[in-house]
S.K.: 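I'd like to ask you about the structure that follows.
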Amino acid sequence: MSLFHVIGFGLKLGSLLLTLCYWFVSLIFSMNGEVMTSSKTLLGDGELIVKKLWELSAKIYHCYPQYVGNRKVGNKWWRKLLIVWLLFWIVVSFSVLWYMNSKAVEKRKETLTSMCDERARMLQDQFNVSMNHVQAMSILISTFHHARNPSAIDQCTFASYTERTAFERPLTSGVAYAVRVLHSERKEFEKRHGWSIKRMDTREPTPVHKDNEYDRDGLEPSPIQAEYAPVIFAQDTIAHVISVDMLSGKEDRENVLRARESGKGVLTAPFRLLKTNRLGVIKTFAVYKTDLPSNATPNERIQATDGYLGGVLDIESLVEKLLQQLASKQTILVNVYDTTNNSHSISMYGSNVSSDGLEHVSALNFGDPFRRHEMRCRFKQKPPWPWLAITTATGILIIALLIGQIFHATINRIAKVEDDYHEMMMLKKRAEAADVAKSQFLATVSHEIRTPMNGVLGMLHMLTDTNLDVTQQDYVSTAQASGKALVSLINEVLDQAKIESGKLELDAVCFDVRATLDEVLSLFSGKSQEKGVEVVHNLDFPFITVFFFLLCDLINLFSGEQLAGYISDKVPDVLIGDPGRFRQIITNLVGNSIKVSSLIS
């Protein structure tokens, strides 16, 4: 038996159910004729559908033994189904592995995104807080330096103030103020301050760690130009930039001019700071006259500009301080880039080493729309093996393989039972054929033996009519009795063979039941007289009790009474039947009765 045998059984069961449904619908149609007439269309369609389904099931059922019931076809298709089952669950297990692994990767990405966005937001917030304090200082300078004469601020006052308020700007390494000086005012300005305006772009590129190691006199004077922006106030940490012209450098000049035109803070490109040789940026704010309107045009802002206030930020120190505030600072690698030039990004902090290639980019907004910055974060450690996904996929595959093995073993077991059944049926047929052959052989042999035995009995009967002495007559009688016993045995064997072969036939001829009964009783008269049993028959009871009275005779024998047979006078003289079989039955019953009487006695 295979899976298709189960399908065949299902088809048979389905056809039976369809038959019952069709019968039920037909019954409803017959019992509710009036209602069916009112809804003839709906129920007519339903009956048609049922008929179609019935025809389809009948076709499938009739085609089943030819195409599906074939054992070779079933085994072939079962193997294919088993292979398809295994391939399907292998695909499912790998799909589960891929899905759960992608979910783990997605969760890892979400974690990295959350951590990177958190760091970017904190860096941006702290940067903006520091720059807001620097911008507040520009208002202070405009009020107490330019709006008063004489000025209330000098280098000592500025240095002392910035040093004492440095805690409000934890991310800035220094603050400096450059005043706007026109070319016509340069000589008077240099005379009043006692130093000349120096050129910025000739600074030494090597780091300087102490102020006395930086020789400002070694710088060249700033070239002649329409206006200058020399630094006059600076925090002690960057006091070496005093007298340096902020407009003498190309990029610095563009940033300063853009700051005073826009009225917003402007960032420089990353550069190496003089004292630390670490990357940093300067955010510049323009300082305007106090009477500048809020909606001033760029030309009005240029005319109202008094100077430029810049805050120097050490980006590396800034990011390190930020990461020290986070407990998970060792989990990911952080890189900060200036991406103003897309073709050449400038690394402001961090290394370019990546562990697993998973990276998230968070945008940074430092208040300058012209420059773009971003933070790139990566995990330090490689992602762990997705053991949950691996174990789940492996478990699904193992369960599928076990189910396939169970089905395979079950089908093989069913096939073996079916083979054993077919073998047993074949052996049964062979046994039945052998039994039939044996019965036929016995019938043939019995018939062939009975024919010469009848001749022997006939010759013995003829021999009794000759002159024999007593001893010879005794021998002949013994031979006749043995021959008759042998013929009786042969007849019984022949009848048994006919019964087993199913060829036992009863004759339908006319016979006299009374004469037949007299013949049987006369045969046992000698034996009954020897045992003291009287054999009589009476015609008082119906023929239907002809077998019942024999049982009553057994009781009479047990009690010492007569053996009698009774035939009703209502029974006709001639009946139609098999007189031989009737005589055989009566003979067996009477003989058994006499034997039982002898055993009881």
Side-chain angles (χ1 to χ4, degrees), residues 1-24 50 53-94 393-448 489-490 492-506:
M1 182 179 289
S2 64
L3 181 62
F4 288 97
H5 290 78
V6 180
I7 296 175
F9 175 75
L11 291 175
K12 295 178 183 178
L13 183 60
S15 63
L16 178 61
L17 292 176
L18 285 175
T19 304
L20 294 175
C21 292
Y22 180 68
W23 173 80
F24 182 71
V50 172
L53 292 175
W54 169 254
E55 294 174 359
L56 178 61
S57 65
K59 290 180 180 179
I60 295 175
Y61 175 76
H62 289 300
C63 293
Y64 163 77
Q66 182 178 0
Y67 298 101
V68 181
N70 190 295
R71 189 168 179 271
K72 294 182 178 179
V73 176
N75 290 337
K76 179 180 178 181
W77 279 103
W78 166 246
R79 294 191 193 97
K80 291 184 178 180
L81 285 176
L82 183 60
I83 293 173
V84 171
W85 168 271
L86 295 178
L87 292 178
F88 171 75
W89 283 106
I90 288 173
V91 173
V92 169
S93 61
F94 277 103
T394 305
I396 292 175
L397 183 59
I398 291 174
I399 292 173
L401 292 176
L402 289 176
I403 294 175
Q405 175 63 24
I406 292 172
F407 274 104
H408 180 67
T410 303
I411 296 302
N412 288 341
R413 180 62 179 171
I414 293 174
K416 186 178 182 302
V417 171
E418 186 181 19
D419 292 339
D420 295 341
Y421 170 76
H422 287 305
E423 185 177 358
M424 291 177 62
M425 292 300 295
M426 190 176 298
L427 294 175
K428 180 183 177 183
K429 290 181 180 179
R430 291 178 182 176
E432 290 176 351
D435 190 56
V436 171
K438 180 197 70 174
S439 300
Q440 292 177 353
F441 173 76
L442 290 176
T444 303
V445 171
S446 300
H447 181 73
E448 295 298 331
L489 179 61
I490 292 173
E492 291 180 359
V493 171
L494 183 61
D495 292 341
Q496 181 67 26
K498 288 183 178 180
I499 292 173
E500 291 179 353
S501 62
K503 295 182 179 180
L504 181 65
E505 297 179 356
L506 299 177

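Values below: every heavy atom of this structure, side chains too, minus hydrogens, waters and symmetry copies.
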S.K.: Of all heavy-atom pairs between S93 and A393, which one has the smallest distance, and what is that distance?
M.R.: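 Heavy atoms of S93 and A393 come nearest at O-CB, 3.2 Å.
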S.K.: For G404 versus L82, what's the shortest heavy-atom pair and its separation?
M.R.: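 The answer is O-CD1, 3.9 Å.
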S.K.: Go through E432 and K428 one step at a time and tell me if the side chain to side chain contact (heavy atoms under 4.5 Å, CB included) criterion holds.
M.R.: CA-CA 6 Å; E432 290 176 351; K428 180 183 177 183; 3.1 Å; yes
S.K.: Mind checking what makes side-chain contact (heavy atoms from CB on, under 4.5 Å) contact with I403, not counting sequence neighbours?
M.R.: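 Testing I403 for side-chain contact (heavy atoms from CB on, under 4.5 Å), a comparison that skips the adjacent residues, returns W85, I399, F407.
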S.K.: Within this structure, what is the CG-CD distance for the pair N412 and Q405, rounded to the nearest 0.5 Å?
M.R.: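 Separation between the atoms: 8.5 Å.
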S.K.: Could you list the residues that satisfy side-chain contact (heavy atoms from CB on, under 4.5 Å) with L86, not counting sequence neighbours?
M.R.: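 L86: side-chain contact (heavy atoms from CB on, under 4.5 Å) contacts with L401.
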S.K.: Can you tell me how far the CE atom of M426 sits from the CG atom of D419, to the nearest 0.5 Å?
M.R.: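 Rounded to the nearest 0.5 Å, the CE-CG separation comes out at 10.0 Å.
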S.K.: Going by side-chain contact (heavy atoms from CB on, under 4.5 Å), name the residues that satisfy it together with L402, two or more places apart in sequence or in a different chain.
M.R.: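 Applying side-chain contact (heavy atoms from CB on, under 4.5 Å) to L402 gives I398.
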